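Heads up: the structure comes next, in structure tokens.
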Protein chains: 2
Amino acid sequence: MADKLKLTLDQLLCFSVYSTGHAFNRIYKPLLDKVGLTYPQYLVMVVLWQEDRQTVRGIGSKLFLESNTLTPLIKRLETAGLVTRERDRDDERQVRVALTNQGRSLQDQAADVPGCVVEACGMNLDDLVDLNRKLARLRNALEQSAP
Amino acid sequence: MADKLKLTLDQLLCFSVYSTGHAFNRIYKPLLDKVGLTYPQYLVMVVLWQEDRQTVRGIGSKLFLESNTLTPLIKRLETAGLVTRERDRDDERQVRVALTNQGRSLQDQAADVPGCVVEACGMNLDDLVDLNRKLARLRNALEQSAP
DNA sequence: ATAATTTATATCGCGCACGATTTAATCGCG
DNA sequence: CGCGATTAAATCGTGCGCGATATAAATTAT
């Protein structure tokens, strides 16, 4: 009977995750504005900097996103001259995304971004790494649980 | 020189937060579909269940959102018959959002949602509470850091 | 009291997320 | 080999987030 009265925002882990995500976005915004990227676009670039010439599906599997989100986003990166998109010769269903020279050189221009963000977190590195690992575990459990 | 090679997605705390947020959304979706709410709409309802007749600004300060996001969202809740919106008599700038009977009764229909989500997390309650507290602290630090 | 400033909401445009559907290429099975 | 099933992208519609701007009410300063 008193159960329903106990539901507050602060108790919801999902809300902490949700609101922290927005807070990160607000930190990233001015940093990424300088290189002309949105946060999701930055993530795609990070994935490509890590390994060039990936398929849309491959990029999506790392970001937990699908082509309905990625196709328009990557087209914007293409328009910005950061990547190229071309059908895979061996499997014409797939589109391979490759960095341009401009896309590669952007990595240097954005090199200080992660450090700025870490600083804004105001935590020591060990706690940060620990939190990161716990969240990744939680995400995997939730993805597992979703059908 | 080897620094740039070390930037991987897994190391980015922001990405763990970002992807965990999406994962939560995927868990919530089928649960909230049953009561006809989106996740942000659910959060507004939680805030109103906690305290009825709040202003848009008041709701926003709890959710870290502003009127540009909330006004259309709350209008949808109004269209759904869950809340009413009316100008405050004492300060006509403010809009006060109040639950309808239908909006109040929705709390019972959604009463099992938090429990289902906690279960999907696959963590014991202590760890969950601890993670929640750490994230809230991080969010507050980030909000502090953003000008 | 009137003007300048601040505050609360609303509006608009853009870029995600994502469910649903479409199209085209590949695979698998008889 | 051929044909149904699967797979990869793309497209479309809806609802956030949010920067920028607008409008109107209240507050402050002069």
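So that the names make sense, note that chain A is the first sequence line, chain B the second, and so on, each numbered from 1. All of these numbers come straight from a predicted model, not from anything done at the bench.
Put simply, B:R57 has a side-chain N or O that comes within less than 4.0 Å of OP1 or OP2 on C:dA8. Dashed line: the shortest gap from a side-chain N or O of B:R26 to OP1 or OP2 of C:dC18 is under 4.0 Å.
Nucleotide C:dA24 holds its P atom 19 Å from the CG atom of A:D88, rounded to whole Å.
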Please tabulate, one pair per line, each protein N/O and nucleotide N/O from nucleotides 14-16 of chain C that are separated by under 3.5 Å, including the distance.
from, atom 1, to, atom 2, distance (Å)
C:dC16, OP1, A:T38, OG1, 2.7
C:dC16, OP2, A:Q41, NE2, 2.7
C:dC16, OP2, A:R76, NH1, 2.7
C:dC16, O5', A:R76, NH1, 3.2

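Dense packing is recorded around CD of A:E78, with more than 12 heavy atoms of other residues, nucleotides or ligands lying under 6.0 Å away. Atom CZ of B:R96 has more than 12 heavy atoms from other residues, nucleotides or ligands within 6.0 Å.
DNA chain C is contacted by both B:T71 and A:E66; B:T71 maps to the nucleotide lying nearer its 5′ end (nearest heavy atom per residue).
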>> Assess the residue pair A:L37 and A:L77 against the criterion (side-chain contact (heavy atoms from CB on, under 4.5 Å)); give the C-alpha distance rounded to whole Å, side-chain angles, the decisive distance to 0.1 Å, and a yes or no.
In response: CA-CA 9 Å; A:L37 292 175; A:L77 293 178; 3.8 Å; yes

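Nearest to the side-chain atoms of A:D91 among the listed nucleotides C:dA20, C:dA10, C:dA25 stands C:dA25.
B:R93 has no carboxylate O lying under 4.0 Å from a charged side-chain N of B:D88, or vice versa, which leaves the two without a salt bridge. Electrostatic pairing of B:R57 and B:E66 does not count as a salt bridge here, judged by no charged N lying under 4.0 Å from a carboxylate O.
Residue B:Y18 forms a ring pair (Phe, Tyr, Trp, His ring centres under 6.0 Å) with just one option from A:F24, A:Y39, A:Y42, and that option is A:Y39.
Within the 4.0 angstrom heavy-atom criterion, only backbone atoms of the sugar-phosphate kind lie near A:R85; the bases stay farther away.
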